[in-house]
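What follows is a single structure, written as structure tokens, with notes after it.
Every number for a ligand or one of its atoms is a count from 1 in the order of the listing.
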Amino acid sequence: MTLIGPGQTIGILGGGQLGRMLALEAKRMGYRVITLDPEPESPCGQVADAQIVAPYDDLEAVRQLGRAADVLTYEFENVSATSVRALEAEGRRVHPSSAVLAITQHRLREKTFVASLGIGVPAFRAVASVEDVERAAREIGFPAVLKAVSGGYDGKGQIVVRTLEEAREAFGRLTAHARGSPTEGPPMIWEQWVSFAKEVSMIGVRDERGTLVTYPLVENTHVNNILDTSLVPARVSPRVEEEARQIVRAIGEHLRIVGVYCVEMFLREDRLLVNEIAPRPHNSGHYTLDACMVSQFENHVRAICGLPIVAPLLRSPAVMVNLLGDGRGHRLMGVERILEDPRVRVHLYGKKEARPGRKMGHLTVLAENVDEALDLARRARGQLQWG
Ligand SMILES: Nc1ncnc2c1ncn2[C@@H]1O[C@H](COP(=O)(O)OP(=O)(O)O)[C@@H](O)[C@H]1O
Ligand SMILES: [Mg+2]
């Protein structure tokens with residue numbers, strides 16, 4: 001394994017907030033960073049040494065990124081697998097590999113893979129026709145959720161259905177949606193709606209030698225399908241946390257991932273079902289910047305560059321709350337009030353337009369215990385407003 005050392009260049013496909021936080025950690029460690037994103041002055045582009053402004057599937061631009069970088073990675077899983085394959089075909093070092101991306105960016109392949117390891121997933125069926133919808137309704141039942149197999153994020157590309165009529169209608173809408181990004185095979189999946197007790201997630205990191213470390217289990221709350229709150233350590237039994245760790249290890253080992261990844265799970269009674277795998281740093285791991293000695297972003301840099309990855313030391317219980325735009329204005333007001341408390345840290349992503357539901361930043365709060373941190377985080381967020 002060749003070492004990519006400080007002074008060398010990391011190329012990041014995608015210039016969003018995950019790329020920004022990755023770039024900030026990489027810069028602190030002495031690396032150069034170049035990113036590719038269609039939006040000029042993207043969140044990552046603002047802190048990187050350079051940005052190529054181009055669509056993610058512009059192969060010429062992607063190759064240009066490849067020539068400029070010593071190692072490449074991506075910061076969101078909807079970047080085209082073709083782009084990553086093109087880089088690999090030229091002998092570039094890309095982590096995680098296009099093989100990992102091809103599975104994790106496709107819900108049907110992803111669930112089939114996880115189930116093949118003997119790990120629980122919500123009951124699901126491939127759906128390509130109205131007949132498939134009717135069969136899934138008979139075999140799995142309602143409520144259910146129809147999801148496009150690819151291209152979705154933050155709840156986009158999925159529709160919850162409670163009756164056959166709703167399911168037929170949702171099938172029509174998702175079919176129209178899928179036409180924009182044609183894929184081979186069934187365009188959507190039918191998934192049983194899980195009435196979970198909690199949603200949890202765990203970050204894993206694996207390097208080329210096969211060393212694998214995991215972060216503590218995180219408890220997540222979503223609002224309108226978008227992550228709202230993450231709380232660590234999760235309030236679950238040690239047995240559940242250990243089972244989650246086994247699941248995360250098995251997935252990382254079988255995919256032979258190099259880099260950081262996150263496994264989202266539903267906890268039902270005391271059984272875990274895997275919802276999805278993200279082959280990249282994850283929103284539910286943002287707390288690691290403030291609460292861990294080595295963040296998810298630093299461990300990602302270490303893993304893809306061939307530096308030692310380390311098991312994180314959790315310095316304190318922590319709560320992260322997302323800051324979303326609400327359409328009322330683009331300036332965040334009230335930061336000066338919440339910063340008086342030394343337990344509160346503000347992270348903003350440099351996005352100019354605070355469109356409703358857009359992830360603009362987050363707060364991390366450290367406290368003696370998670371309940372106190374949660375209370376403080378909610379109160380701090382309540383003092384902020386867009387105007
Ligand atoms: N089968 C399901 N049962 C219950 N809740 C679900 C199910 N699928 C999705 N959700 C809810 O919607 C959220 C977003 O769905 P997810 O499949 O993770 O898509 P993405 O994060 O890519 O938008 C989940 O975190 C969960 O809160
Ligand atoms: Mg998700």
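Taking the ring axis of Tyr349 as reference, the NZ or CZ atom of Lys351 does not stay both within 45° of it and closer than 6.0 Å to the ring centre.
Taking the Mg ion (ligand 2) as the corner point, the angle from Glu276 atom OE2 to Glu264 atom OE1 is about 100° (rounded to 10 degrees).
Ring centers of Tyr74 and Tyr56: at least 6.0 Å apart, outside the cut-off. Checked against the 6.0 Å centroid criterion, the rings of Phe171 and Trp190 do not qualify as a close aromatic pair.
Using a 4.5 Å heavy-atom threshold, the side chains of Leu13 and Thr73 count as separate.
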Per-pair distances, 0.1 Å, donor-acceptor, side chain in residues 237-251, under 3.5 Å, sequence neighbours excluded:
residue: Ser237; atom: OG; partner: Val240; partner atom: N; Å: 3.2
residue: Arg239; atom: NH2; partner: Asp270; partner atom: O; Å: 3.4
residue: Arg239; atom: NH2; partner: Asp270; partner atom: OD2; Å: 3.1
residue: Glu241; atom: OE2; partner: Leu217; partner atom: N; Å: 3.0
residue: Glu241; atom: OE2; partner: Arg245; partner atom: NH2; Å: 2.8
residue: Glu242; atom: OE2; partner: Gln246; partner atom: NE2; Å: 2.5
residue: Arg245; atom: NH1; partner: Thr214; partner atom: OG1; Å: 2.5
residue: Arg245; atom: NH1; partner: Tyr215; partner atom: O; Å: 3.4

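Pocket lining of ligand 1, defined as residues with a non-hydrogen atom under 4.0 Å away: Arg107, Val145, Lys147, Gly152, Tyr153, Asp154, Gly155, Gln158, Glu191, Gln192, Trp193, Val194, Phe196, Glu199, His222, Asn225, Glu264, Phe266, Asn275, Glu276.
Looking at Arg93, its side chain does come within 3.5 Å of a backbone N or O of Ile304 through a donor-acceptor pair.
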